[in-house]
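As the structure is a computational prediction, the values presented were derived from the model and not from experiment.
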Amino acid sequence: MPALLAIAAGWTDWRSRRIPNWLTVPGLLLGVAVNSWLGGWPGAKDSLLGAGLGLLLLLPFVLIRSLGAGDWKFVGALGAFLGPQNLLTVLLLGILVNGIMAVVMVIQKKRIRQTASNMARMLAAVFSLHLPGPDLTLDNPELVKVPFGVAVAIAVILYTGRQAMQQM
């Protein structure tokens, strides 16, 4: 089930750079329902903890406009399916995939110098506890933007594929 959600979300994020509510909200509810049905109260608790963890971890990035709300809700829905332990594994793998995608896109678009400058400004903002500025958010059409939903979808597919291979 999480792989199907990931494929649908990754595809829509790739095509339109959006992950719609009609996919994420039912995904979260279905994740809670399936885990509740299969595991009773412990399954429901694990599902709700996974959804809450995903939403909590990514909320700061949504608030500073460096991550879209669709990506945020997608990770919450994945947490409902995977639970907190497995979600952390998928998120770490997704961040790695996202980093690789970012490097490829920056090189491809020949934006290495500008990206290095932007990264330095973002780090300075983090260490000074200030927002980096509106020119370094999702609202700036000139920035190279990596579709995080695609990276997380790839991570889910890799993770669930590995889990299936281990069960054989």
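When the side chain to side chain contact (heavy atoms under 4.5 Å, CB included) test is applied to A3, the partners found at least two apart in sequence or on another chain are T160. Taking the side chain to side chain contact (heavy atoms under 4.5 Å, CB included) definition, one finds that I107 meets it with V103, I112, sequence neighbours left out. The side chain to side chain contact (heavy atoms under 4.5 Å, CB included) check on Q85 picks up nothing, with sequence neighbours excluded. L57 meets the side chain to side chain contact (heavy atoms under 4.5 Å, CB included) test with L53, L88, L91; sequence neighbours excluded.
Under the 4.5 Å side-chain contact rule for hydrophobic residues, L87 and L23 share a cluster. Hydrophobic clustering, with ILVMFWY side chains joined whenever heavy atoms are under 4.5 angstrom apart, keeps M1 apart from V25. The hydrophobic clustering, which links ILVMFWY residues whose side-chain heavy atoms are closer than 4.5 Å, places V34 and L29 apart. There is no path of hydrophobic side-chain contacts, each under 4.5 Å, that joins I154 to L92. Under the 4.5 Å side-chain heavy-atom criterion for Ile, Leu, Val, Met, Phe, Trp and Tyr, V90 and W11 are members of distinct hydrophobic clusters.
Between the CE atom of M105 and the CD1 atom of I100 there is a distance of 14.0 Å, given to the nearest 0.5 Å. Rounded to the nearest 0.5 Å, atoms CD1 (I7) and CD1 (I157) are 4.5 Å apart. Rounding to the nearest 0.5 Å places CD of Q167 at 11.5 Å from CZ of R162.
Annotation: side chain of D13 is not in contact with side chain of F74 (no heavy-atom distance under 4.5 Å). In this structure, the side chains of D71 and F61 stay at 4.5 Å or more apart for every pair of heavy atoms. At least one side-chain heavy atom of F148 sits under 4.5 Å from a side-chain heavy atom of L58.
Among residues at least two apart or in separate chains, side-chain hydrogen bond (donor to acceptor under 3.5 Å, both in side chains) pairs with a member in residues 16-31 are N21-K73. Pairs of residues two or more places apart, or lying in two chains, that qualify as side-chain hydrogen bond (donor to acceptor under 3.5 Å, both in side chains) and include a residue from residues 86-107 are N86-Y159. Applying the side-chain hydrogen bond (donor to acceptor under 3.5 Å, both in side chains) rule to pairs touching residues 25-40 yields nothing, sequence neighbours excluded.
Closest of all the heavy-atom pairs between A153 and A6 is CB-O, 3.1 Å. Shortest non-hydrogen contact noted between V150 and G10 is CG2-O, 3.4 Å. The minimum heavy-atom distance linking L28 with A51 is given by the pair CD1-CB, 4.0 Å. Smallest separation of non-hydrogen atoms from A151 and G94: CB-O, 3.6 Å. The heavy-atom pair separating A77 from G27 by the smallest distance is CB-C, 3.9 Å.
Here L49 sits alone; no ILVMFWY side chain lies under 4.5 Å from its own, so it joins no hydrophobic cluster. Other members of the cluster containing W41 do not exist, because no ILVMFWY side chain is joined to it at under 4.5 Å. With side-chain heavy atoms closer than 4.5 Å counting as contact, directly or through intermediates, the hydrophobic cluster containing M168 also holds M165.
In this structure, T12 contributes its side chain and A8 its backbone to a donor-acceptor pair below 3.5 Å. In this structure a side-chain-to-backbone donor-acceptor pair under 3.5 Å is present from W72 to L55.
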